[in-house]
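Whatever order the structure lists ligands and atoms in, that order sets their numbers, starting from 1. All values reported here derive from a predicted model rather than from experimental measurement.
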Amino acid sequence: MSTQINRQQAAKRSAELAETLRHHEYLYHVKDAPTISDAAFDALFHELKALEEQFPELLNPDSPTQRVGGPPLPGLETVEHTAPMLSLDSSKDETLLRRFDERLRKALSGAKIGYVVEPKLDGAALELVYEEGRLVRGVTRGDGRKGEEVTVNVRTIPSVPLRLRKDPRPVPRLLALRAEVIMLASAFEALNERLIQAGKEPFSNPRNAAAGALRQLDSRIVAQRPLAAYVYDLLAIEGGELTTQWEILTALGDWGLWVNPEPRRMATVEEILAYHQNLEARRDDLGYEIDGIVIKLDDVELRATLGATSHHPRWAYAFKFPPRREVTRILGILASVGRTGRVTPVAIMNPVEIGGVTVSRATLHNREEVARKDVRVGDKVRVERAGDVIPQVVERIDEHSDEHSDDPDRERSEPFQMPETCPSCDTPLVERGPFSICPNTFACPAQLVGRLFHFGSRHALDIEGLGDETATLFVQTGLVKQLPDLFDLTPDQLLPLEGFAAKSATNLAAAIEKAAHVEVARFLFGLGIPEVGTTVARDLARHFGTFVAIRAASEEELTAIDGVGPRMSEEITTFFADSRNAELLDRLLSKMQLIENEPAPASAETEDLLLAGAKVVFTGGLPNFTRQEAKAKIEALGARVVSSVSKKTTYVIVGEDPGSKLAKAQKLGVEVLDEAGFESLVRDR
Ligand code: IVH
């Protein structure tokens with residue numbers, strides 16, 4: 001991007017970036033299903049950060065650069081951490097690491113600097129609290145300030161002691177620790193094998209598997225997940241004192257907690273670089289995922305002098321590894337039909353191991369992406385699995401110009417052609433932008449399989465045993481011709497199916513029956529309406545309370561909800577307006593009992609904000625803000641922007657040429673702010 005960017009362009013771009021980043025944060029943190037590489041995310045993030053530095057007035061408190069993590073999911077209790085669990089400043093760039101060291105030395109002029117350097121474990125961060133040596137709480141990182149209470153799950157992790165050892169070191173009254181929950185590569189592979197066998201979706205990497213397990217509502221399932229927790233940092237201590245990181249690690253080991261064997265004490269950047277290189281070379285042999293190293297100032301007292309920015313401490317730095325890439329060959333390109341009818345080209349590759357995971361498929365997204373990368377069957381490609389992402393084909397390797405090529409004269413095959421008709425139902429495909437869609441929504445078997453699988457998936461009805469393979473069997477055998485048929489299945493019908501025995505047939509039938517009693521949010525998500533993910537489904541369920549109300553909502557009513565844009569509301573109303581959907585829904589609902597009107601827990605993101613719960617009305621134009629900017633600023637403080645003034649309105653913000661709302665506010669005694677008042681309300685927050 002050019003450096004000559006004006007404020008207006010910057011505002012537009014930063015809003016776009018924030019939106020995109022938020023979307024990917026959601027996919028990554030909330031859904032555990034990222035769609036872009038870390039590298040791509042980082043690039044967008046740094047672009048936004050640079051813009052915000054250049055135009056500080058664009059910086060919103062809700063900017064993705066300003067937060068530590070994702071919001072907690074419903075179902076688990078949200079609790080405050082003993083001390084904030086900050087994030088780490090990080091880069092892959094040696095110069096930035098050197099700058100970190102220089103900055104730190106300058107700020108601590110004269111002091112003798114010692115570091116502890118550790119692997120950066122790629123797992124799920126967790127707070128562990130011990131009182132009088134007993135484990136009392138385990139809390140996920142959440143947004144850094146509050147997380148989800150997962151004590152029952154943490155208790156199932158074998159490497160987490162339920163009581164600390166008192167010998168050789170006395171146990172403090174209170175000990176709050178930071179740990180990383182990981183899944184060893186061997187255990188991860190075994191788990192995925194089991195999931196695949198059971199017809200379930202495997203996890204894309206050990207971190208997602210660990211994070212997913214930690215947030216499971218059923219701790220018995222967690223107990224079957226081979227988790228481990230490395231403890232590496234102190235959040236709080238009472239009744240004892242630890243003065244250096246090295247002493248912290250030693251003490252944690254003494255207390256019987258699992259500490260990583262790799263940390264070393266060092267004094268110079270040169271040593272740190274050598275450690276980084278050495279660890280990277282051994283990365284595949286460690287048996288667990290790491291994505292870099294963490295450099296920490298050893299002396300705890302000196303850390304306090306340095307302090308922290310709003311999201312990371314100045315005394316620690318993560319020096320990351322470059323993303324992992326491997327070269328392999330494309331054996332074939334399949335056109336795979338998803339539940340929305342979208343036909344995705346999928347590269348089938350010579351299996352290749354990337355960071356402990358065997359990769360044999362990678363999405364090629366759409367026909368334009370295939371053409372852009374010009375990948376064809378037989379080509380050699382570079383594939384990236386950046387720790388946590390669905391494998392991506394990064395680029396084709398040109399074997400003609402590659403001197404090391406094993407076959408430089410190889411003839412290339414023809415370019416990939418999207419089929420003209422659906423590979424499942426033979427209906428002619430239609431093109432929508434870069435995507436090819438099978439329009440046979442209600443009769444295409446592949447789409448029904450996809451919908452069925454999604455309906456039973458973890459964030460929807462969570463039907464244990466209804467995996468991809470089982471869904472395919474149901475559709476192939478004609479047992480399920482439409483979604484509602486699912487609830488008519490009996491154990492007798494399941495028993496003859498391949499892979500079923502008396503017990504599994506009874507269990508699945510029981511699981512389906514149980515799933516008929518489900519929360520509105522899960523049901524809504526399970527319908528697979530385009531654009532409606534778990535967060536939106538939850539917000540809609542909270543806002544409207546009942547499914548009937550959601551179904552009847554107009555586009556305007558939907559758009560009025562935070563986080564619901566015009567495209568989304570159009571998708572929702574279009575879905576419900578379709579008479580065939582209506583018919584299916586009526587049939588579904590006649591077989592189900594939805595759990596409605598659940599009490600709405602306060603949003604973890606907003607409840608502590610300055611204007612949490614406030615209702616604000618704008619009238620007249622503000623010379624220095626567009627309405628959208630003003631709305632974004634006030635919403636970032638937790639307020640809701642509403643259109644009409646009532647006694648419940650907190651502020652009416654009056655610009656030029658105000659309408660009748662000003663008079664109404666004065667009549668009702670609602671506080672009125674002019675633009676200056678508005679600015680001081682939102683400034684510096
Ligand atoms: S220290 C205040 N040390 O990396 C800084 N973090 O954004 C405390 N991580 O999610 C963090 N290994 O959970 C620290 N040896 C290590 C780590 C580590 C992994 C995680 C951490 C956080 C992320 C950094």
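The protein non-hydrogen atom at the shortest distance from atom 5 (C) of ligand 1 is Leu88 CD2, 3.5 Å. Here the protein heavy atom with the shortest distance to atom 4 (O) of ligand 1 is Lys120 NZ, 3.2 Å. For atom 6 (N) of ligand 1, the nearest non-hydrogen atom of the protein is Tyr232 CE1, 3.3 Å. Remark: minimum distance from atom 12 (N) of ligand 1 to any protein heavy atom is reached at Leu121 N, 2.9 Å.
Each of the following atoms of ligand 1 lies closer than 4.0 Å to a heavy atom of Pro313: 2 (C), 5 (C). Ligand-side atoms of ligand 1 in range of Asp233: 8 (C), range being under 4.0 angstrom from any heavy atom. Distances below 4.0 Å separate heavy atoms of Glu118 from the following atoms of ligand 1: 3 (N), 15 (N), 16 (C). Below 4.0 Å from some heavy atom of Arg141 lie the following atoms of ligand 1, by number and element: 10 (O), 22 (C). Taking a cut-off of under 4.0 Å to the non-hydrogen atoms of Ala125, the atoms of ligand 1 that pass are 13 (O).
With no hydrogens or angles considered, no side-chain donor-acceptor pair links Glu247 and Thr250 at under 3.5 Å. Under 3.5 Å, the side chains of Glu148 and Thr78 contain no donor-acceptor pair of N or O atoms. A donor atom on one side chain and an acceptor atom on the other are not found under 3.5 Å apart for Tyr232 and Glu118.
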Q.
Could you go through Glu47 and Arg13, starting from their C-alpha distance and side-chain angles, then the distance that decides it, and tell me whether this counts as salt bridge (Lys or Arg N to Asp or Glu O under 4.0 Å)?
A. CA-CA 9 Å; Glu47 189 187 342; Arg13 180 68 185 147; 2.7 Å; yes

Q: Apply the test side-chain contact (heavy atoms from CB on, under 4.5 Å) to residues Val117 and Val294: give CA-CA distance (whole Å), side-chain angles for both, the deciding distance (0.1 Å), then the verdict.
A: CA-CA 6 Å; Val117 188; Val294 184; over 6 Å; no

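Proximity of Ala318 to ligand 1 is not established, as no heavy-atom distance is less than 4.0 Å. Contact annotation: Arg178 has at least one heavy atom less than 4.0 Å from an atom of ligand 1. For the ligand labelled ligand 1, residue His312 lies outside the 4.0 Å heavy-atom shell. Using a non-hydrogen distance threshold of 4.0 Å, Pro119 registers as a contact of ligand 1.
Where the criterion is an N or O separation shorter than 3.5 Å, residue side chain and backbone included, Val294 fails it with respect to ligand 1.
Using a 4.5 Å cut-off on side-chain heavy atoms (C-beta onward), Glu149 and Arg137 make contact. Counting heavy atoms from C-beta on, the side chains of Asp299 and Thr243 never come closer than 4.5 Å. Residues Val231 and Trp258 form no side-chain contact, since every pair of their non-hydrogen atoms from C-beta on lies 4.5 Å or further apart.
When atom types are taken as modelled, the side chain of Asp291 and the backbone of Phe321 share no donor-acceptor pair closer than 3.5 angstrom.
Remark: Arg303 is positioned above the aromatic ring of Trp315, its terminal NZ or CZ atom under 6.0 angstrom from the ring centre and at most 45 degrees off the axis.
Nearest to atom 13 (O) of ligand 1 by heavy atom, out of Lys296, Met85, Glu180, is Glu180.
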